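What follows is a set of notes on a single structure, which appears directly below.
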Amino acid sequence: MAIEAKPRGVYQQRDGRYVAEFVSWAFPTDLKMFNVRLGPAPLELRLRYPDLDVERWARVWAKTCDAIVITPTALVLIEGELRRPLLAIGELLVYRDLIPQTTDLARYWRLPIRTTLLTPLPDPTLETVLEHLEIGVIQYRPIWVEEYLHQVQRL
């Protein structure tokens with residue numbers, strides 16, 4: 001007996017849309033940046049290959065956060081995760097540490113960093129960990145995300 005695989009639908013970039021919609025709604029007048037590369041290219045590459053365009057070649061190691069918002073009182077680092085909020089925690093910790101090394105953000109280094117996990121699915125088992133790591137959680141669940149979650153998780 002042969003088992004037929006169902007064809008997958010057309011891939012849609014949902015995480016980017018999710019973060020962009022939230023940021024536009026929550027921070028309408030603040031400076032917004034999306035898919036921000038953080039941190040410098042590895043110093044070892046610069047030293048070993050001085051004639052190489054290190055920034056271009058180092059893209060393979062690039063760390064890119066979903067969004068940064070500059071408010072009058074804080075630099076808000078946002079990582080969105082639609083289905084598995086646990087996955088974003090490690091990324092947020094690395095990204096937070098890279099902000100003071102990112103020369104494109106140098107004018108904002110004086111601002112406190114608010115590290116934020118954006119998710120439609122709260123995970124009560126992570127609350128203590130997130131509090132300990134000083135990561136805030138925002139639950140944002142627009143209708144289209146609700147429909148998507150029903151499709152993939154049969155909620």
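The model shown is predicted, which means the values in this text are computed figures rather than measured ones. Counting from 1, the numbers follow the sequence of the chain as shown.
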Single-linkage hydrophobic cluster, 4.5 Å side-chain cutoff, [X] and [Y] together:
| X | Y | answer |
| --- | --- | --- |
| L111 | V69 | no |
| L121 | V129 | no |
| V137 | Y95 | yes |
| L38 | V76 | no |
| I143 | L149 | no |

Which atom names give the shortest non-hydrogen contact between [X] and [Y], and what distance separates them?
| X | Y | result |
| --- | --- | --- |
| L93 | R96 | CD2-NH2, 3.0 Å |
| T102 | R37 | CG2-O, 3.7 Å |
| I70 | M33 | CG1-CE, 3.7 Å |
| P120 | L82 | CG-O, 3.3 Å |
| F34 | A67 | CD2-CB, 3.9 Å |

Only one of [options] passes side-chain contact (heavy atoms from CB on, under 4.5 Å) with [X]; say which it is.
| X | options | value |
| --- | --- | --- |
| I68 | N35, L75, D104, V23 | L75 |
| C65 | L92, L98, L77, V94 | L77 |
| T116 | D66, I135, I78 | I78 |

Quick check: are there more than 12 heavy atoms from other residues, nucleotides or ligands sitting under 6.0 Å from CD of E134?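 Atom CD in E134 is not packed in, count stays at 12 or less.
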So for atom CD, which belongs to Q101, do other residues, nucleotides or ligands contribute more than 12 heavy atoms lying within a distance under 6.0 Å?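 For Q101, atom CD is crowded (more than 12 foreign heavy atoms under 6.0 Å).
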As a quick check of understanding, evaluate side-chain contact (heavy atoms from CB on, under 4.5 Å) for E146 and H150, giving each step before the final call. CA-CA 6 Å; E146 183 81 27; H150 278 288; 3.1 Å; yes
Mind checking whether F22 and F27 have parallel, tilted or perpendicular rings, split at 30° and 60°?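 Ring orientation of F22 relative to F27: perpendicular.
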Value rounded to 0.5 Å, distance of OG1 in T119 from CD in E79: 11.5 Å
If you define the side chain from C-beta out and look only at heavy atoms, does anything of P112 sit under 4.5 Å from T73? no
4.5 Å side-chain heavy-atom contact, Y18 and P142: yes
Once salt bridge (charged side-chain N to carboxylate O under 4.0 Å, His left out) is applied, what residue pairs with a partner in residues 19-36 remain, sequence neighbours excluded? R17-E21
Test side-chain contact (heavy atoms from CB on, under 4.5 Å) on L117 and I138; report intermediate values, then the result. CA-CA 6 Å; L117 168 61; I138 295 176; over 6 Å; no
Kindly indicate, with the supporting measurements, whether the criterion side-chain contact (heavy atoms from CB on, under 4.5 Å) is fulfilled by E81 and R84. CA-CA 6 Å; E81 185 58 53; R84 295 164 299 218; 4.2 Å; yes
side-chain contact (heavy atoms from CB on, under 4.5 Å) for L31 and Y108? Distances and angles first, verdict last. CA-CA 11 Å; L31 175 62; Y108 309 113; 3.2 Å; yes
Do D123 and T125 have side-chain N/O donor and acceptor atoms under 3.5 Å apart?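 Yes, side-chain donor-acceptor contact under 3.5 Å.
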Could you check whether any side-chain N or O of W109 sits under 3.5 Å from a backbone N or O of I99, counting only pairs where one atom can act as donor and the other as acceptor?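 Side chain of W109 to backbone of I99, a donor-acceptor pair under 3.5 Å: yes, one is there.
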I'd like to know if the side chain of Y140 reaches the main chain of L118, judged simply by a donor and an acceptor atom lying under 3.5 Å from each other, with no hydrogens or angles considered. no
